K.L.:
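Provided herewith is a single structure, encoded as structure tokens, for subsequent inquiry.
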Protein chains: 2
Amino acid sequence: MRTGTRKEEIVVEASKLFKEKGYSAVSVRDIAQVMGIKAASLYNHIDSKQEILALLIMELAREFTEGMREIRQRSETPLEKIRAVIEMHIDITVSRSEALAALNNDWMHLGEEDRVEFVRMREDYEENFRQVIHKGIQEGEIRNLHPEVILFSILSTLRTLYLWYQKRGKLDVNVLKKDMVAVLIQGIV
Amino acid sequence: MRTGTRKEEIVVEASKLFKEKGYSAVSVRDIAQVMGIKAASLYNHIDSKQEILALLIMELAREFTEGMREIRQRSETPLEKIRAVIEMHIDITVSRSEALAALNNDWMHLGEEDRVEFVRMREDYEENFRQVIHKGIQEGEIRNLHPEVILFSILSTLRTLYLWYQKRGKLDVNVLKKDMVAVLIQGIV
DNA sequence: GTCTATAGTGGGATAGAC
DNA sequence: GTCTATCCCACTATAGAC
């Protein structure tokens, strides 16, 4: 981000297009068009189309990884940690849904190096979440259901929240957090 | 499917590639290669790349729509209907994960006509699900939480189940159904 | 910082021989 | 049913003028 604001503008506009059609279906001409310039001019600010994707995804992935590590080492009960994870996801969803879309759907189009690091971070994240769930089951705070089912029920809901937050939009964030925590933890009955 | 088996083979192989990289990142040359033939030869069996996508998505979308309508008109309680929807999704996930991936991620690359029909079917599906949840809340069978939060918590979990069913794979389908119903309906505590 | 021009590659799809 | 050859177009990216 040395060049500052123009580059960031490109990343922001590109991310909107990526969310709509996916990284591969968006051309640098498309990005240039919404910026109001020619495709060639983009290359004064970025090195490649792939760099835009990496800027979007890798920063967010590091944020999730760091957030999870921080929550993990708190002196709270497993259930309180799960609540914190849910709230972190909601905060990120509300403020950065385009980056989230790219992270979910287009990580496989990262360059080799970033992709390897991304997969490592994602596995690290899931493993930390898994440990929290295990501990909760051991301590009797969480029901003894298949931990993988619990893990992915919660994660898949959180990961795809960006898809409908805006549509059904402008649900108050605190209401959303409260009800989402209730649904995911206590169920619907 | 007039031509029968060869065309279906193409759709099957293409769907695997679409799941990995997304429709737009897969070329007809890629598809031809895994079939062991040249790209031009594909066109003796299909009219276009887009036709493959439509065959994959539209059939499955109709199946979901029909399945939901059938469940909706049963003489069961709302909660039993939700259980039935969950089990339908799991059955489809287990047997057709590639088509499900295309339906989730690549529907926007359908031709205009199919895309309009697809969106209509998806809205119809969600509206039916919404009505079931509303009825459950009215009758006191379901907790009085924001219905949209309930709807999308369940739907997003079911829709992305295909992403991890194989990895964590070979979980017995009946165990999966049991635990998934338990997690989604009764929560984890 | 943006432009025009263009290189170089690969895309979807068709024609016609076998 | 598959092939070779090819069309035409869109893609990412670069060079160099302004």
Side-chain angles (χ1 to χ4, degrees), chain A residues 1-58 102 105-115, chain B residues 1-58 102 105-115:
Chain A
M1 300 275 184
R2 278 196 314 279
T3 38
T5 180
R6 200 83 174 112
K7 186 168 187 174
E8 281 165 24
E9 226 183 304
I10 292 170
V11 173
V12 167
E13 293 304 322
S15 71
K16 295 179 193 166
L17 295 174
F18 293 167
K19 185 182 177 187
E20 266 178 52
K21 307 199 291 175
Y23 172 78
S24 303
V26 174
S27 70
V28 295
R29 283 175 175 83
D30 293 334
I31 300 169
Q33 196 181 27
V34 301
M35 295 285 299
I37 58 178
K38 297 290 176 184
S41 307
L42 282 181
Y43 288 87
N44 267 289
H45 308 284
I46 56 157
D47 292 335
S48 67
K49 183 186 169 191
Q50 212 176 44
E51 188 201 353
I52 302 176
L53 188 67
L55 285 171
L56 265 175
I57 294 179
M58 299 306 286
N105 303 320
D106 290 317
W107 61 269
M108 71 287 283
H109 301 118
L110 289 168
E112 170 77 11
E113 211 173 324
D114 283 331
R115 194 173 62 249
Chain B
M1 301 275 182
R2 278 197 313 282
T3 39
T5 181
R6 198 81 176 114
K7 185 169 186 172
E8 280 165 23
E9 226 184 305
I10 291 170
V11 174
V12 166
E13 293 304 321
S15 70
K16 294 178 192 167
L17 294 174
F18 293 167
K19 185 182 178 188
E20 266 178 52
K21 307 198 291 173
Y23 172 77
S24 303
V26 174
S27 70
V28 295
R29 286 172 174 83
D30 292 334
I31 300 168
Q33 196 180 28
V34 301
M35 296 286 298
I37 59 178
K38 297 291 176 184
S41 307
L42 283 180
Y43 288 88
N44 267 290
H45 308 284
I46 57 158
D47 292 336
S48 67
K49 183 187 169 191
Q50 211 176 46
E51 189 202 352
I52 301 176
L53 188 67
L55 285 171
L56 265 176
I57 294 180
M58 298 306 285
N105 303 318
D106 291 316
W107 60 268
M108 70 287 283
H109 301 117
L110 289 167
E112 171 76 12
E113 210 173 325
D114 283 331
R115 194 172 62 250

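Quantities reported herein were computed from a predicted structural model and do not represent experimental measurements. The sequence lines fix the lettering, A, B, ..., with proteins before strands; numbering per chain opens at 1.
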K.L.:
In whole angstrom, what separates A:Ile46's CD1 from D:dA13's P?
P.N.:
7 Å
K.L.:
Rounded to the Å, how far apart are A:Glu9 CD and C:dG1 C1'?
P.N.:
12 Å
K.L.:
Quick one: list whatever passes salt bridge (charged side-chain N to carboxylate O under 4.0 Å, His left out) with A:Asp30, sequence neighbours left out.
P.N.:
A:Lys21
K.L.:
Among residues 25-36 of chain B, which residues get a heavy atom nearer than 4.0 Å to DNA chain C?
P.N.:
B:Val26, B:Ser27, B:Val28, B:Arg29
K.L.:
In this structure, how many angstroms lie between the C1' atom of C:dG10 and the NZ atom of B:Lys21, rounded?
P.N.:
12 Å
K.L.:
Where is the tightest heavy-atom contact between B:Leu110 and B:Leu53, given as atom of each residue plus distance?
P.N.:
N-CD2, 3.8 Å
K.L.:
Considering residues at least two apart in sequence or located in another chain, which fulfil the ring pair (Phe, Tyr, Trp, His ring centres under 6.0 Å) criterion with B:Tyr23?
P.N.:
B:Phe18, B:His109
K.L.:
side-chain hydrogen bond (donor to acceptor under 3.5 Å, both in side chains): which pairs involve residues 46-55 of chain A, sequence neighbours left out?
P.N.:
A:Lys7-A:Glu51
K.L.:
Starting at atom CD1 of A:Ile37, determine the distance to atom P of C:dG1, rounded to an integer number of angstrom.
P.N.:
10 Å
K.L.:
Could you give the CG-to-P distance, from A:Leu42 to C:dT4, as a whole number of Å?
P.N.:
14 Å
K.L.:
In whole Å, what is the span from the CG atom of B:Leu17 to the P atom of C:dG12?
P.N.:
12 Å
K.L.:
Side-chain N or O of A:Lys38 less than 4.0 angstrom from OP1 or OP2 on C:dC3?
P.N.:
no
K.L.:
Rounded to whole angstroms, how far apart are CD1 on B:Ile10 and C1' on D:dG1?
P.N.:
10 Å
K.L.:
For B:Met58 versus B:Asp114, what's the shortest heavy-atom pair and its separation?
P.N.:
CE-O, 3.5 Å
K.L.:
Show, in sequence, the C-alpha distance, side-chain angles and deciding distance for A:Glu9 and A:Met35, and conclude whether the side-chain contact (heavy atoms from CB on, under 4.5 Å) test is met.
P.N.:
CA-CA 8 Å; A:Glu9 226 183 304; A:Met35 295 285 299; 4.0 Å; yes
K.L.:
If you round to the nearest 0.5 Å, how far is CD1 of A:Ile57 from OG of A:Ser15?
P.N.:
11.0 Å
K.L.:
If I take atom NZ in residue A:Lys7 and atom P in nucleotide C:dG1, what distance separates them, rounded to the nearest angstrom?
P.N.:
12 Å
K.L.:
Would you indicate whether the side-chain heavy atoms of B:Ile52 and B:Ile31 approach each other to under 4.5 Å?
P.N.:
yes
K.L.:
All N/O contacts under 3.5 Å from nucleotides 14-18 of chain D to the protein, with atom names and distances to one decimal?
P.N.:
none

K.L.:
Check salt bridge (charged side-chain N to carboxylate O under 4.0 Å, His left out) between A:Arg115 and all other residues, then give those that pass, not counting sequence neighbours.
P.N.:
A:Glu112
